[in-house]
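First the proteins, then the strands, lettered A, B, ... as listed; each starts at 1.
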Amino acid sequence: MIPNEFEYLRAGSVDEAISLLQAHEDAKILAGGHSLIPVMKLRLNAPAQLIDISRVPELRSIREEGNTIVIGACVTHQEIASSELIQSKLPILAEAANMIGDVQVRNMGTIGGSLAHADPAADWPASMLATEAEIIVKGPNGERSIAASDFFVGLFTTMLEPLEILTGIRIPMPATHSKSTYVKFVQPASRFAIVGCAVVLEKNNGHIDNIKVAFTGVSTKAFRDVNVENALKGKSLDATNIAVAAEQAAEGVDVLGDHFASNEYRKHLAKVYLKRALNSL
Amino acid sequence: MASMIGQPVKRIEDKRFITGQGKYTDDVILPQMTHAYILRSPFAHATITHIDVSAALAMEGVVAVFTGKDIAEAGIGGVPTGWQVNFRTGETMKEPPHPLLVKDKVRFMGDAVAIVIAETKALAKDAAELVEIEYEEHEPAIFAAQAIQDGAPLVHDDAPNNLCFDWELGDQSATDAALANAYHITTLEFENQRLAPNAIEPRSAIGHYEPGTDKYTLYTSTQNPHLVRLLMTAFVLGLPEHKVRVVSSDVGGGFGSKIFHYIEEALVTWCSGKIRRPVKWTAERSESFMTDAHGRDHHSKAELGFDKDGKVLGLRVKTVANLGAYLSTFAPAVPTYLYGTLLQGLYSTPAIYVNVLGVFTHTTPVDAYRGAGRPEATYLLERLFDNAAREMNMDPAELRFKNFIPPFDGINQPGYQTQVALQYDSGNYEPVLKRALEMVDYENLRKEQEEGRKNGKLIGIGFSTYIEACGIAPSAVVGALGARAGLYEHGQVRVEPTGKVTVFTGSHSHGQGHETTFAQIVADKLGIPMDHVNIVHGDTESTGFGMGTYGSRSLAVGGSAIVKSIEKVIEKGSKIAAHLLEASVDDLEFAEGKWTIKGTDRSVAFGEVSLTAYVPHNYPAGLEPGLDFSSFYDPANFTYPFGAHIAVVEVDPETGKVTLKRFVACDDVGNVVNPMIVDGQIHGGLAQGISQALLEGVVYDEQGQLLNGSYMDYTMPRADDLPMFEIERKVTPCPHNPLGVKGAGEAGTIGSTPAVVNAVLDALAPFGIKDLTMPLTSEKVWRAMQQKSNGHTHSK
């Protein structure tokens, strides 16, 4: 478990990290290292330089900005789980953070690192989609925002350009009466998601007038399940409607299969976990 | 002073372990030490067509590179097997060589091809990437049932149909007759899946040749230092045994996987002689998954016959055991003498026959893994009992009570002669099951299950009443069964002049807590404080020839050797005390650390006697100075712990996920020296056995690629997978060793697996599901329910 030789560089600011990326063709950005270091140890990836951004102050905060909450890319899962701001305004993120790995992983791993890595079984993408987060990235040509629904391109691929760094996440403040949850069926060895389901909804007079449903773990990338959302819009959240909506879950997507869960079983679990999420709201 | 035996004393060794002060093999740093990386085959079956090490050798910092050609040219054969099993025709088993490095043909993914030695581990690894190896791939034989078919690819040319042996035990014609007359026969096919052992400390070995003395030292993470030295010197490298020292200090878990003599041990020793510098190798976790001997991997068909009252009549078993690519040290014994001999279980089955095919495949070698053969036998038997109870519409506990062997203490009643070669030492089986039923509140639990079923809740209750043979083993018996070594143990008790005691044992702790348990025995028997006792193990230069730790043998065999030496110390001490007290030996009694003239207050303390023994100015005429005794203890029999386990599970009807709600165990492991350590052994064993039922299993694809060789894919049990264990014990002492102890290291693993699977099948009984293959993953359970749910009824 010894990686190939590499040079370690620490950036003091985002701009410095971008300059370093420009100067080093084979460099990789290092945040919590919980995805990158294991693949380096297995020698599946051998960057010549690591540019450590984990101590860049501007990437370390959770703050309210206007009607949004901004989370810096290098905020750890544990910091999100224990943030009072997140717990009161975006409890779904605290709930999801607490389901990631174990305490050691949560203390080191960062939200930005996880999103940039785009593991199809990672927990974060589902709640990012369901809360309609924007991913903020910065490169030599400046800053831009990418809707979470556009950000995930496929297996371990995102809209990030080679010289761009994911700097943070901006999430619109949910309506005060909105309800949300993240539920997860774990892969028993890795504890990643076989199915992770995030739901955010608003009810008006007992009827759903706004709902976002997103899955992770099910396919090569996390996705919003529009069929389910359409099936529930304007409806009440009763057993019949939930059952009808659950039948729509993960339909029309390319479902993954492995020795823990075949595609058929995974699709079934998506329906069951959607139902469980909705029943809890 | 209160007796130290039976006290839950905290473990002496834990201070260094939990403060990071343990000294494991990889912690050893020697001057001039080099580091090795072993290149391994990425294919299960291939011919090496080309190998070029020149670029690696040319790299700065690389000291040497050796290949299979170098090993062959040095005339080194390979690592041997310690147990011979015969075909039922009498022919001896096939025993192909297992070379240290392969020269021509690789036989499993992980087979060692070359060793790169460099100044640092990182350099060795970098240089290994420069070694050019070309392979011509061949079709492999991965699964045992396919490997024995005509035309299957051969692992070794001289083993037709990949058969290592075709072995039998028991009375075939009596069994056939018993089953022909049976009122009911329950039949099941079983897969006892392959497991990877996963000790927390990966294997590590350092070879150290010293030209000045022409001596070698091998530091290695083994459970068995003396046997490694014997095998390596006499059978592999041809080195003089007395010029080789094997040191195995702290070892971080083994579960059997560190019993065996591995190629890496001989390889680093040989390499160190070649380059005249120490050579260290430590496995990476992926290497451990590929190269630590795996466990289990049996496929069996078994039939158990009953009369109309539910009395068992006969058991017929056919097993195909996957041995992997080469014979590991004890591989032939595991699916034969450690398996077939346990098929009697706790039951008075009058006729038993078992036939086992040992099969080579292009996979990692398979050998002893916690329980070794006994879990496979227990799984089969206990599944059959629960299945028969369901088929015969009887309660599974009731069916067991009907068939238990009646109690015998081995003193007033003789031991129980089984149909499969063993004589049980002592047993009393009803009380453990009765107590387990009380602990679980069986009657109410069945009611709760019934209520639950009405509400769609799938609760299941599963049983296992197991026996095991441990305290391995009487040398004459195992010799007759094919063992190539004796299985006694050595124990030396050296009383120091000040009355402190150093004990040297051939047993080897790799987590068992010997430093505490053995010290308790010495403190108890000599009446001295525990902190006056030091336990030394794991160094062939200081300890007498012993056989290491496995098969739950340390206390029963190693502890007994120490007791014998303590008795000799007391006997000689009495002579010295009698001299000092000017009394006759017969008038003295030894208790609480002093010799007293009976009926008086005149006494002499242990420390005075020990000092006199080493400063013998005033001393009995004709008596040698010193107070230092060694003993070898060869047990009269195996020991036979037993117990009753009950698992309670709940199955999620929507996802198939199994939750273990409760696990109740009432075990009888004989007398107990340290109940806290025994509890720990039982807990760990249960976790491992439950894990086989629900979580673990090595997965190979048809090309022999290991698909789950990492913790991202291989499921290990975690605390949240397990309930709080409810454990109790009964005590039926062993009649044939001085401590009356039986052994507790494997009991939990042996008993628990079938209880969990039986519980899941009980939960699924309304669906008519009779069988599931371990591990019982959510998807398997869900699929079974899906397939059966059309025709299911909600009655049993």
Side-chain angles (χ1 to χ4, degrees), chain A residues 1-6 34-35 37-44 46 98-99 101-105 119-122 183-195 197 242-243 246 249 255-277 279, chain B residues 35 37 61 118 120-129 196 198 202 282-289 652-659 691 694-701 706-721 775-786:
Chain A
M1 297 298 278
I2 297 174
N4 295 79
E5 200 171 302
F6 61 88
H34 270 49
S35 303
I37 302 292
V39 294
M40 287 173 65
K41 283 181 164 185
L42 291 168
R43 298 198 168 200
L44 298 173
N98 268 321
M99 290 191 206
D102 51 34
V103 174
Q104 289 88 335
V105 169
D119 190 312
V183 293
K184 175 183 180 184
F185 187 87
V186 299
Q187 196 260 47
S190 70
R191 302 290 173 103
F192 272 73
I194 284 179
V195 167
C197 177
I242 288 175
V255 177
L256 295 171
D258 59 30
H259 76 263
F260 286 103
S262 66
N263 46 10
E264 185 192 357
Y265 180 58
R266 206 174 287 252
K267 194 175 211 173
H268 166 75
L269 288 175
K271 298 179 195 305
V272 172
Y273 274 73
L274 172 66
K275 203 165 71 181
R276 289 182 182 183
N279 278 332
Chain B
H35 299 265
Y37 180 77
T120 69
K121 196 170 177 177
L123 282 171
K125 216 172 160 175
D126 289 345
E129 290 181 357
N198 282 304
T282 300
E284 299 185 348
R285 185 55 66 182
S286 343
E287 240 175 331
S288 304
F289 270 107
D652 182 333
E654 283 187 310
T655 65
K657 186 174 166 48
V658 175
T659 303
S691 181
L694 297 178
L695 304 170
E696 285 187 61
V698 169
V699 183
Y700 280 112
D701 72 8
L706 179 58
L707 296 183
N708 58 348
S710 90
Y711 291 136
M712 290 296 278
D713 299 302
Y714 187 93
T715 313
M716 294 291 286
R718 302 183 200 197
D720 66 358
D721 292 314
L776 307 185
T777 59
S778 306
E779 178 162 6
K780 276 188 211 166
V781 175
W782 174 75
R783 273 192 188 285
M785 291 191 292
Q786 287 293 106

Legend entry - Short N-O contact, Glu264(A) and Arg783(B), less than 4.0 angstrom: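 Judged by the 4.0 Å cut-off on N to carboxylate O distance, Glu264(A) and Arg783(B) do form a salt bridge.
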Can you tell me how far [atom2] of [Y] sits from [atom1] of [X], rounded to the nearest 0.5 angstrom?
X         : Y         : atom1 : atom2 : answer
Tyr37(B)  : Ile2(A)   : OH    : CD1   : 9.5 Å
Lys125(B) : Met1(A)   : NZ    : CE    : 7.0 Å
Leu42(A)  : Glu284(B) : CG    : CD    : 8.0 Å

Legend entry - Heavy-atom closest pair, residues Asp713(B) and Ala189(A):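 Nearest heavy atoms, Asp713(B) then Ala189(A): C-CB, 3.7 Å.
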Inset, instruction - Could you look at Asp652(B) and say if it's the side chain, the backbone, both or neither that has a heavy atom under 4.5 Å from chain A? - result: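 Just its side chain gets close to chain A.
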Inset, instruction - Using non-hydrogen atoms and a 4.5 Å limit, figure out which bit of Ser710(B) sits close to chain A: side chain, backbone, both or neither. - result: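 Nothing of Ser710(B), per the 4.5 Å heavy-atom cut-off to chain A.
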Legend entry - Flag, side chain of Gln187(A) to backbone of Met712(B), donor-acceptor distance under 3.5 Å: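 Confirmed, Gln187(A) side chain pairs with Met712(B) backbone.
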pair [X]-[Y]: side-chain heavy atoms closer than 4.5 Å:
X         : Y         : result
Arg191(A) : Asp720(B) : yes
Arg276(A) : Thr655(B) : yes
Leu123(B) : Glu5(A)   : no

Inset, instruction - Among Arg266(A), Lys41(A), His268(A), His259(A), single out the residue with the greatest number of heavy-atom pairs under 4.5 Å to chain B. - result: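 Result: the option with the highest number of such pairs is His268(A).
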Legend entry - chain B contacts, top residue of Phe192(A), Tyr273(A), Phe260(A) (heavy-atom pairs, under 4.5 Å):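 Among the listed options, the one with the most contacts to chain B is Phe260(A).
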Inset, instruction - Select, from Glu129(B), Lys780(B), Glu696(B), Glu287(B), the one with the greatest count of heavy-atom pairs under 4.5 Å involving chain A. - result: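 Heavy-atom pairs under 4.5 Å are most numerous for Glu129(B).
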Legend entry - Proximal component of Lys275(A), with respect to chain B [non-hydrogen, under 4.5 Å]: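 When you check distances to chain B, only side chain atoms of Lys275(A) fall under 4.5 Å.
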Legend entry - Under 4.5 Å from any heavy atom of chain B - which part of Phe185(A):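 Interface part for Phe185(A): side chain.
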